[in-house]
*Asks:* 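Attaching a single structure in structure tokens format; questions to follow.
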Amino acid sequence: MNKTTSILLVYTGGTIGMKQDPETLDLRPFDFSQILEEMPELRKFGYTIDTYSFDPVIDSSDVNIEFWKNLTHLIEQNYGRYDGFVILHGTDTMSFSASALSFMLGDIEKPVVFTGSQLPIGMLRTDGKENLISSIEIAASKDRNGHPMVPEVCIYFESQLYRGNRTTKYTAENFRAFRSANYPVLAEVGIHIKFNTAFIRYPETWGKPLRPTYELDPSVLIIKVIPGMKKELLDALVSIDGIRAIVLETYGSGNAPSGSWFTDSVKKAIDRGVIVLNITQCLAGRVDMDAYSTGKSLKNIGVTGGGDCTTEAAVAKLFFLLGQYSDNEDIVYFLKKNMRGELTEV
Ligand code: ASP
């Protein structure tokens with residue numbers, strides 16, 4: 001007899017797990033171990049659905065690297081026991097967490113599906129129920145050989161499944177809260193779930209053990225280029241002690257002010273061993289530092305091009321690489337490589 005499909009449903013916090021107090025109308029987290037009571041329809045799947053709630057649950061603005069380590073550890077501890085994992089998480093930093101987990105978990109062979117909602121699950125018009133039900137179904141889906149359909153860290157939201165490290169939270173208002181502007185959706189949910197298998201990462205051979213990484217170094221600063229930015233402020237930022245890498249958010253295909261005041265300032269960081277990664281401020285497209293002379297001058301002083309990586313994935317990748325390597329050459333080598341599907345190499 002086939003073993004029943006088993007899913008671990010993890011509640012970390014965020015809007016999805018809230019219920020409105022009927023008297024005060026305040027939103028409060030509800031006792032998540034009661035989820036099957038709240039949503040009896042989940043029993044209809046016929047899967048074993050176990051729940052685990054973080055204690056305390058957190059608004060995702062409080063996510064930090066300790067939280068990512070705890071979540072990774074929880075998945076590692078339960079990896080052999082479950083067919084898939086559904087992580088309920090606040091939307092605000094979900095793209096950062098999904099990106100971080102994609103690096104920390106390494107080459108996974110089971111689905112880890114992050115989801116949440118814009119309206120609490122206890123509200124009548126909630127988007128949380130559909131998001132949760134479809135995420136569970138996706139995490140449980142297998143091909144005819146019994147392998148998971150999506151062995152990746154993903155985000156499911158409003159009928160679309162995305163590769164987690166390709167996403168950005170796009171709106172604080174609409175139900176379709178996320179975008180994956182540089183990579184196609186992994187699945188689309190309508191009457192049927194259509195998996196976009198050509199774009200899903202599958203292992204070359206199945207059966208490898210999970211090898212998570214817990215060493216992260218968050219010595220990273222983001223500097224967003226703005227018109228009229230002050231040289232003194234830029235100089236002060238690049239000189240802060242303790243930075244090992246800067247994500248430089250530039251214009252368009254990787255452009256920045258052409259004056260030597262700018263490149264000289266960035267070079268100061270590079271000369272003292274700080275890695276500078278060029279990421280575009282645009283939601284879609286990629287950094288091409290050969291396209292314009294301003295990009296070229298950044299390349300000439302040793303700035304690394306971040307291609308079509310999102311800021312969230314760039315930050316997570318840097319935390320991960322800085323935690324693994326002390327030599328900048330190794331870090332820059334991997335920044336240019338597609339490690340977990342976060343980057344389109346050209
Ligand atoms: N502030 C909430 C959070 O990110 C918003 C949400 O869950 O959508 O935790």
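One-based numbering along the sequence shown. All figures in this text were calculated on a predicted structure; none of them were measured in a lab. Ligands are counted one by one from 1 in listed order, and the atoms in each one are counted from 1 as well.
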*Asks:* Quick check, are the ring centers of H89 and F67 under 6.0 angstrom apart?
*Replies:* yes
*Asks:* Using distance alone, decide if ligand 1 has a nitrogen or oxygen within less than 3.5 Å of any nitrogen or oxygen in S61.
*Replies:* no
*Asks:* Of the protein's non-hydrogen atoms, which lies at the shortest distance from atom 5 (C) of ligand 1, and what is that distance?
*Replies:* T15 OG1, 3.4 Å
*Asks:* For T93 and ligand 1, does the shortest N/O to N/O distance drop below 3.5 Å?
*Replies:* no
*Asks:* What protein heavy atom is closest to atom 8 (O) of ligand 1, reported as residue, atom name and distance in Å?
*Replies:* T91 OG1, 2.4 Å
*Asks:* Using a 3.5 Å cut-off and no angle test, enumerate the donor-acceptor pairs between side-chain atoms of residues 214-224 and protein atoms at least two apart in sequence or in another chain.
*Replies:*
residue, atom, partner, partner atom, Å
Y214, OH, H73, N, 3.4
Y214, OH, E76, OE1, 2.6
D217, OD1, S219, N, 3.0
D217, OD1, S219, OG, 2.5
D217, OD2, R244, NH1, 2.8

*Asks:* State the atoms of ligand 1, each with its element, that fall below the 4.0 Å cut-off from a heavy-atom position in G14.
*Replies:* 7 (O), 9 (O)
*Asks:* Looking at ligand 1, would A177 count as a contact under a 4.0 Å heavy-atom criterion?
*Replies:* no
*Asks:* Under 4.0 Å from a heavy atom of S117: give me the atoms of ligand 1 that qualify, with their elements.
*Replies:* 8 (O)
*Asks:* Could you tell me, atom by atom, which parts of ligand 1 come under 4.0 Å of a heavy atom of S60?
*Replies:* 3 (C), 4 (O), 9 (O)
*Asks:* Charged N to carboxylate O below 4.0 Å: is that the case for K208 and D107?
*Replies:* no
*Asks:* Please determine, by modelled atom types, if D92 and S60 share a side-chain donor-acceptor pair under 3.5 angstrom.
*Replies:* no
*Asks:* Do Y156 and F114 make the cut of ring centroids closer than 6.0 angstrom?
*Replies:* no
*Asks:* Within the supplied structure, the quantity of interest is the number of heavy atoms (other residues, nucleotides, ligands) at a distance under 6.0 Å from E329 CD; does it exceed 12?
*Replies:* no
